[in-house]
Amino acid sequence: MSEYVFSPYVIPFTAGLIFVIIATFYFWIKALKQLDPEETRKVKENLFSLRIVPILFSWVKEVFLESLLHRKIFRQNFLLGLMHMLIAFGWFIAIFAEHIRLWVYTLNPIEPIYFPIFLFDFLRPVGAESAVGMSPAPMLFEMTTFMMVFIFLHDFFMTMILTGKALSIVKKYKPGLFGMTGGVKHNQYDKLIVMLLMLLFIPRMFAVGCSVYNYGDAMVVVNGISPSVYAFLSYNFGQVLGGLGLASYESVFWWIYSFCIGAFFVALPFTRYMHIPTEPLFIFLRKCGVSTGKKYTGFSELEVLSCPRCGICFDRCQLNTTPGMDVEVQPIYMLEGVRDKEPDEEKVFKCLLCERCEATCPVDIDISNIRITQREKFNENKFKKDTNRYDYLDDAGYRSNGGNADVVYFAGCMTHRTPGTKKAMNALLNKAGVKYMNLDAEDSVCCGQPLIVDGFRDEAQKLISENTKRIKDSGAKILVTSCPVCYNSFRKEYDLDGVEVMHHTQYLKKMVDEGKLNVKKTGKKVVFHDPCELGRIGGEYEAPRDLLKKAGTLIEPDDIKDDGLCCGGSLANTKLTNSEERAVAGDALNRLLAKKPDILITACPLCKKTLEKVSDNKVEIMDISEFLLE
Amino acid sequence: MTIDVSKWPFGVNQDNQVDFDEADKSLAMAVKAKDPTLKLCMGCGTCSAGCTAGALTDFNIRQMFLLLNRGRNDEVAEKINNCMLCGKCILGCPRGVNTRNVILTIREVLEK
Ligand code: SF4
Ligand code: SF4
Ligand code: SF4
Ligand code: SF4
Ligand code: SF4
């Protein structure tokens with residue numbers, strides 16, 4: 001076709017679309033340029049090899065399942081998932097269907113970008129050509145079965161979107177139905193764009209309704225199906241509009257629609273909807289094996305942009321959900337600051353790094369790692385870096401420990417403060433006949449994790465090298481820790497040359513499985529508290545449960561595993577006040593004790609101590625090793 | 001007659017007077033303004049008793065707080081970074097001093 005149908009009202013839409021495409025490229029290129037060389041290498045390696053085929057496949061799958069169908073949000077709450085799915089998938093598929101209708105009609109895949117959006121005006125049924133003053137005249141189609149089906153689909157998809165929109169209004173007033181508290185405070189740009197998105201489909205329905213009304217008799221019965229059925233939305237709504245005498249304003253409605261959608265596009269890069277164009281690239285890079293680790297890179301930038309501020313994290317955070325608490329550290333706020341290049345100190349630091357939020361983030365953002373990079377940035381401005389601060393360790397007079405142990409036991413600083421655990425572990429190891437040594441019975445050196453999570457990774461290196469030396473020196477092949485914080489530190493921050501790191505729950509399970517340790521079944525009803533560092537962060541949920549099922553009657557409270565509650569005592573937080581910490585701990589304890597267990601079992605010395613502080617001796621709190629020893 | 005204390009069978013501290021009119025307490029005040037929990041410290045020493053860094057060196061966290069209160073800021077500056085931020089002290093403190101944050105605040109104020 002040489003000449004395309006055009007009407008001036010497409011200009012706002014087209015200009016907005018071009019703007020948003022340029023903005024997207026700007027952000028994409030900026031992020032790609034800031035990738036770490038290592039990350040770039042990973043991407044290139046995958047891009048130019050056969051691996052790209054499965055990567056592309058799983059990329060398409062994830063974009064479809066998560067960005068359109070919102071599977072993870074469905075898991076969170078059905079209504080919430082439904083709302084997101086109806087809007088995102090409905091919108092996508094509506095645009096897609098209109099493209100198909102156009103392509104099949106013209107048999108030409110290259111059409112102006114505005115075309116499918118205004119198709120109801122530009123492509124009119126035979127007999128309805130007289131409509132609006134348009135030059136050149138609109139194209140005409142025979143009302144075939146195909147056309148009828150696509151008009152039906154259009155109405156169907158529009159109904160999906162409008163239902164989604166209706167749900168979002170319900171959500172505003174009844175957030176509880178959607179599993180949310182509705183307390184998130186959005187900034188004014190976000191509020192504006194939500195309004196625009198809300199408004200967008202209303203002028204569209206008016207415009208489409210008027211068009212269909214103006215088709216008049218050209219809306220014929222096809223295969224015995226009347227237009228009030230196959231165009232159930234646009235035809236019937238058009239009749240209403242026509243009845244009100246609005247049909248002659250058809251082009252006005254198209255203008256308003258075009259304006260709204262153009263404004264939406266222009267606003268988009270400055271708001272949370274920027275996640276729409278950045279998420280596909282973000283998912284692709286992740287499929288290539290990129291993730292935010294110890295450095296803030298271009299990929300982290302994409303992650304930050306990909307947060308749609310859905311607010312799911314907000315309702316997961318105990319600093320929000322604990323009665324009376326209202327600390328705004330949740331990723332939804334923290335990432336917003338990072339995105340705007342002015343992170344707020346309190347929002348960055350006052351968090352427990354418990355990862356309750358991260359476990360359900362539908363976008364799977366590496367929230368904790370990003371947060372730690374931000375802490376490092378703050379510290380760099382605040383403190384002179386002092387990487388020599390632990391040089392005194394060189395003079396600490398460490399003596400070699402013989403190098404003939406099979407297992408080395410690192411109790412950890414926190415365990416030294418709950419010596420019952422340490423004693424129980426020693427007793428159990430002796431019972432099992434393990435040839436082990438205590439690495440940190442005296443002259444212990446901290447594993448370094450408290451420094452790392454507080455944003456001093458560089459300064460912690462000396463502690464890491466000192467402990468590495470001692471561990472290797474022991475000759476052991478297995479390193480057992482009682483503190484899940486150390487467990488993660490040794491796994492993630494250390495290079496131990498094949499020494500296997502195990503938390504004591506894992507090691508005890510191994511001993512029991514191998515028959516080296518017997519556990520007697522007691523009649524005690526026990527509840528297991530999942531320590532954040534062991535469960536969500538360390539990934540170990542089953543070992544303690546296996547052991548407890550053998551040794552007692554395990555009852556599960558409501559919040560387990562990924563939903564496990566933080567005790568509030570986290571070492572990753574130096575800013576929480578005493579009373580705030582106690583409030584979190586008290587609330588967690590009450591929820592853990594709802595089913596009235598005889599004993600509350602945990603596997604983290606810090607959790608034990610923190611929960612004990614608020615327990616008022618209501619319940620016995622034990623480490624799993626102490627319980628097994630009994 | 002001069003007495004040679006080095007010959008005595010036990011240690012004797014250096015003469016150790018603090019003139020509170022002259023001591024520079026600005027640092028202590030700045031720290032307390034940022035983290036008031038330091039005001040709760042009663043000097044019991046539980047923190048030092050278990051301190052990880054204290055077991056390896058003569059670093060003494062309770063002493064840090066005392067020296068700070070007495071305006072002996074140079075001595076604080078010299079040692080405060082010995083701390084490993086491990087958190088043992090905070091678990092033991094009977095008064096609810098947010099020791100780790102106090103330590104970070106001291107460092108922050110010192111470097112200003
Ligand atoms: S961080 Fe994740 S859960 Fe929180 S608002 Fe963003 S996308 Fe939602
Ligand atoms: S890591 Fe925990 S404390 Fe921090 S924002 Fe997430 S849920 Fe809240
Ligand atoms: S102390 Fe235990 S519950 Fe608290 S943050 Fe650490 S692992 Fe989580
Ligand atoms: S945090 Fe510092 S002062 Fe406190 S016990 Fe650990 S090393 Fe000692
Ligand atoms: S344990 Fe607490 S009260 Fe006692 S000296 Fe240390 S900081 Fe002060």
Side-chain angles (χ1 to χ4, degrees), chain A residues 349 378-379 382-384 386-393 395-398 412-419 440 442-456 459-460 462-463 466 483 485-486 569-579 581-582 605-606 608-610 612-613, chain B residues 27 30-42 44-61 64 76-112:
Chain A
F349 278 91
F378 268 103
N379 289 345
K382 213 150 111 187
F383 304 114
K384 262 197 268 91
D386 180 4
T387 46
N388 299 327
R389 61 191 285 193
Y390 304 117
D391 280 357
Y392 62 74
L393 288 173
D395 310 323
Y398 174 72
C413 303
M414 293 299 106
T415 315
H416 292 310
R417 280 297 199 198
T418 52
D440 63 343
E442 48 201 55
D443 290 357
S444 65
V445 174
C446 175
C447 68
Q449 198 68 356
L451 282 163
I452 292 168
V453 290
D454 273 322
F456 299 98
E459 298 187 358
K462 181 72 189 174
L463 306 186
E466 180 69 20
C483 174
V485 180
C486 311
S570 166
L571 283 175
N573 191 332
T574 58
K575 300 293 175 201
L576 216 60
T577 66
N578 248 312
S579 52
E581 183 187 311
R582 290 178 80 94
L606 184 50
K608 184 180 170 210
K609 195 93 185 173
T610 312
E612 269 171 1
K613 277 194 216 159
Chain B
L27 192 71
V31 173
K32 285 176 190 165
K34 278 176 176 273
D35 192 335
T37 64
L38 180 56
K39 293 182 198 159
L40 299 171
C41 174
M42 59 178 180
C44 68
T46 314
C47 47
S48 302
C51 173
T52 311
L56 296 160
T57 64
D58 61 357
F59 171 70
N60 179 329
I61 185 61
M64 290 296 114
V76 177
E78 189 192 316
K79 292 255 175 69
I80 194 73
N81 271 3
N82 281 13
C83 162
M84 299 183 185
L85 227 60
C86 70
K88 276 172 94 176
C89 46
I90 205 166
L91 283 194
C93 178
R95 298 283 292 163
V97 179
N98 191 353
T99 51
R100 296 199 317 145
N101 195 48
V102 169
I103 292 164
L104 287 173
T105 311
I106 292 176
R107 183 172 170 194
E108 179 187 343
V109 171
L110 271 171
E111 290 185 13
K112 276 239 165 90

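Convention: sequence-line order gives letters A, B, ...; per-chain numbering from 1. Keep in mind that this is a model prediction, so the values were computed, not measured.
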Q: Mind running side chain to side chain contact (heavy atoms under 4.5 Å, CB included) on A/Lys462 and A/Thr387 for me, showing each step along the way?
A: CA-CA 8 Å; A/Lys462 181 72 189 174; A/Thr387 46; over 6 Å; no
Q: Please flag which part of B/Thr57 lies under 4.5 Å from any non-hydrogen atom of chain A: side chain, backbone, both or neither.
A: side chain
Q | B/Arg100 side-chain N/O to B/Leu85 backbone N/O, donor-acceptor pair under 3.5 Å | A | yes
Q. Is it the side chain or the backbone of A/Asp386 that comes within 4.5 Å of chain B heavy atoms, both, or neither?
A. both
Q.
Just so I know, are the side chains of B/Asp58 and A/Tyr392 near enough to count as touching, which here means a heavy-atom distance under 4.5 Å?
A. no
Q: Using atom types as modelled and distance alone, determine if a side-chain donor or acceptor of A/Arg417 lies under 3.5 Å from a backbone N or O of B/Leu91.
A: no
Q: Could you tell me which of A/Ala460, A/Gly448, A/Cys446 has the largest number of non-hydrogen atom pairs under 4.5 Å with chain B?
A: A/Cys446
Q: Measure distances from A/Lys609 to the heavy atoms of chain B and classify the residue's part below 4.5 Å as side chain, backbone, both or neither.
A: side chain
Q: Please look at B/Glu108 and chain A and tell me whether the side chain, the backbone, both or neither of the residue comes under 4.5 angstrom of a heavy atom of that chain.
A: both
Q: Against chain A, label B/Cys89 side chain, backbone, both or neither, depending on which of its atoms sit under 4.5 Å from a heavy atom there.
A: backbone
Q: Validate the cation-pi geometry between A/Lys575 and A/Phe378: distance from NZ or CZ to the six-membered ring centre under 6.0 Å, angle to the ring axis within 45°.
A: no
Q | Most chain A-contacting option - heavy-atom pairs closer than 4.5 Å, from B/Thr99, B/Asn82, B/Thr52 | A | B/Asn82
(Q) What part of B/Leu110 gets within 4.5 angstrom of chain A, counting heavy atoms only: side chain, backbone, both, or neither? (A) neither
Q: May I ask you to decide if A/Arg389's main-chain N or O and B/Asn81's side chain share a donor-acceptor pair within less than 3.5 Å?
A: no
Q: Examine whether an atom of A/Glu459 lies under 4.5 Å from a heavy atom of chain B, and if so say whether it belongs to the side chain, the backbone or both; otherwise answer neither.
A: side chain
Q. So how far is it from B/Glu111 CD to B/Ile80 CD1, rounded to the nearest 0.5 Å?
A. 11.0 Å
Q: Please look at B/Asn98 and chain A and tell me whether the side chain, the backbone, both or neither of the residue comes under 4.5 angstrom of a heavy atom of that chain.
A: side chain
Q. Side chain, backbone, both or neither: which part of A/Phe383 has an atom under 4.5 Å from a heavy atom of chain B?
A. both
Q: Show your reasoning for whether side chain to side chain contact (heavy atoms under 4.5 Å, CB included) applies to B/Leu104 and A/Lys382.
A: CA-CA 10 Å; B/Leu104 287 173; A/Lys382 213 150 111 187; over 6 Å; no
Q. Donor-acceptor pair, B/Arg95 side chain versus B/Leu38 backbone, under 3.5 Å?
A. no
Q.
Under 4.5 Å from any heavy atom of chain B, what part of A/Leu393 do you find: side chain, backbone, both or neither?
A. side chain
Q. Side chain, backbone, both or neither: which part of A/Asp454 has an atom under 4.5 Å from a heavy atom of chain B?
A. side chain
